[in-house]
Amino acid sequence: MSLPSRLLVFVAAVFLAIAPGSSEAKAAPTTAAAAVITQMQDAVAAASPSGTTETAAQRLVQLANQLVARSPMTLTTEIDQLISSSGGSAGVTLVELSGATPLVWSVNGGQVFTAASTYKLAALMLEAQRIAAGTADPNGLVCYEDSDYEDGWYSDYTDGACYTRLELAQRAGLKSDNTAGHMLVRDVGGADVLNAWAASAGATNSVFFTDNTTTSNDLAALWSAEARGKLGGATAQAWLYPLLVGTATEAGIPAGVSSRSTVVHKTGEIDLVEDDAALVVKGPNGAYVLTVMTDNVGGDAGWQLIASISSTVWAFEAARAD
C-alpha cells in the first residue's frame with residue numbers, strides 16, 4: 001500500500017474514532033465532515049512519486065486536525081475536564097443558529113439548577129413580546145408595592161413610586177436589580193403566567209421565580225426562540241437586546257469570546273451559584289446560543305469556569321467548515 005493510501009486509511013480511522021456516538025449532541029456536523037473527507041481524498045489524489053507525497057501528507061494532517069477540533073466528542077471531553085477541575089457541577093448547552101448543519105449539543109443540559117436572576121431573562125422576554133404585540137406600553141407605569149422589595153442595586157423604592165416598564169427593564173437587565181425583577185414579574189401577570197409562557201416557548205423543565213429552578217437546555221430554548229423571531233420578532237429584539245449588552249457582570253460568557261463579538265446575555269448569581277445565558281450575535285462562523293449553569297463553585301472561580309467554557313466553545317465554533 002502506498003504512503004498516500006496508508007495516510008487516507010489512517011485519517012479515516014481518526015474520523016471513525018471521533019464521530020459522535022452516545023453523547024448528548026442532537027445533530028452532528030455530517031456535511032462538514034464529509035467535505036473534509038473529500039478534501040482528504042483530493043489531497044491524496046494529488047500526490048505522486050515526483051515529490052508531492054509529503055505535501056499531501058501535511059495537508060491530510062491539517063484536515064484531520066480540523067475534523068478533530070470540530071468533533072462534538074472533542075468538545076464534550078474538553079468541557080467535562082473544565083467542570084471536573086472546578087470541583088463543582090455545571091450544565092452547558094450550545095445551539096448553533098446558522099450553517100448547513102447547525103448543532104444542538106449539551107453536557108448535563110437537562111440537569112436542574114438554581115435559576116438565580118436568570119428568571120429575569122424570561123420576564124424581560126415576555127415583556128418584550130407584549131410590547132411588540134402592542135398589549136403593553138414601554139412607557140406605561142408600574143407602581144411599587146411593599147411585597148416587591150428585595151435588596152439590590154437601587155434604594156429609591158417607596159410606597160406609591162412608579163416607574164416605566166423600560167426603566168424597570170433597564171434596571172433588571174443591565175444591573176440585575178431584584179426589586180425591578182419582582183415588579184416585572186408582577187406586571188406580566190405573576191409567576192404562574194410567566195411559567196406557562198416559558199413552557200410554551202420551550203422551557204418545559206423550569207419553575208421560574210417561585211422554586212426558581214431551570215436548566216441550561218431551557219434557557220437555550222428561550223434564547224433560540226427569541227433569536228429566531230418567535231417571541232415578537234425584530235420589534236421585541238430591538239427593545240430587549242440593548243437591555244442585555246454591557247451589563248454589570250461581563251466576567252462570564254462575554255469574557256470568553258473575541259472582542260469583536262456582541263454578547264446579549266443575562267447572568268444570575270447567588271451563594272455558590274453563577275449562571276450565564278447568552279446569545280453570541282457575532283460568532284466566528286455565525287450566531288450561536290450558549291447557556292451555562294453552575295453550582296458549588298462560587299465567586300470569581302465560578303465566573304472563570306464560565307469564561308473558560310465560553311472560550312472553548314468559541315474555538316469549537318471557529319473550526320466550523322460550513
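Remark: the N217 side chain and the T93 side chain contain an N/O donor-acceptor pair separated by less than 3.5 Å. A side-chain N or O of W105 and one of T76 form a donor-acceptor pair less than 3.5 Å apart. The closest side-chain donor-acceptor pair between K266 and T247, if any, does not fall under 3.5 angstrom. Side-chain contact of S308 with Q304: a donor-acceptor pair under 3.5 Å is present, judged by distance alone. Between Y157 and D146, the side chains place no donor N or O within less than 3.5 Å of an acceptor N or O (distance only, hydrogens not considered). No side-chain donor-acceptor contact under 3.5 Å links D148 and T179.
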Checking S206 against D218 for the side chain to side chain donor-acceptor pair (under 3.5 Å) test, could you report, in this order, the C-alpha distance in whole Å, the side-chain angles of both residues, the deciding distance, and whether it holds? CA-CA 7 Å; S206 299; D218 276 10; 2.6 Å; yes

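Side chain of N178 to main chain of D151: a donor-acceptor pair is present (N/O by atom type, distance under 3.5 Å, no hydrogens or angles).
A salt bridge between D187 and R165 is present, with a side-chain N of the basic residue lying under 4.0 Å from a carboxylate O of the acidic one.
Residues V273 and V297 are members of separate hydrophobic clusters, defined by side-chain heavy-atom contacts under 4.5 angstrom among Ile, Leu, Val, Met, Phe, Trp and Tyr.
Between Y154 and R171, some side-chain heavy-atom pair lies under the 4.5 Å cut-off. Looking at E127 and L240, their side chains never come closer than 4.5 Å, going by heavy atoms from C-beta outward.
In this structure, H182 and Y119 have tilted ring planes: the angle between them lies in the 30° to 60° band.
Results of the side-chain contact (heavy atoms from CB on, under 4.5 Å) test with E317 over V280, L94, L103, L75 single out L94 as the only residue that passes.
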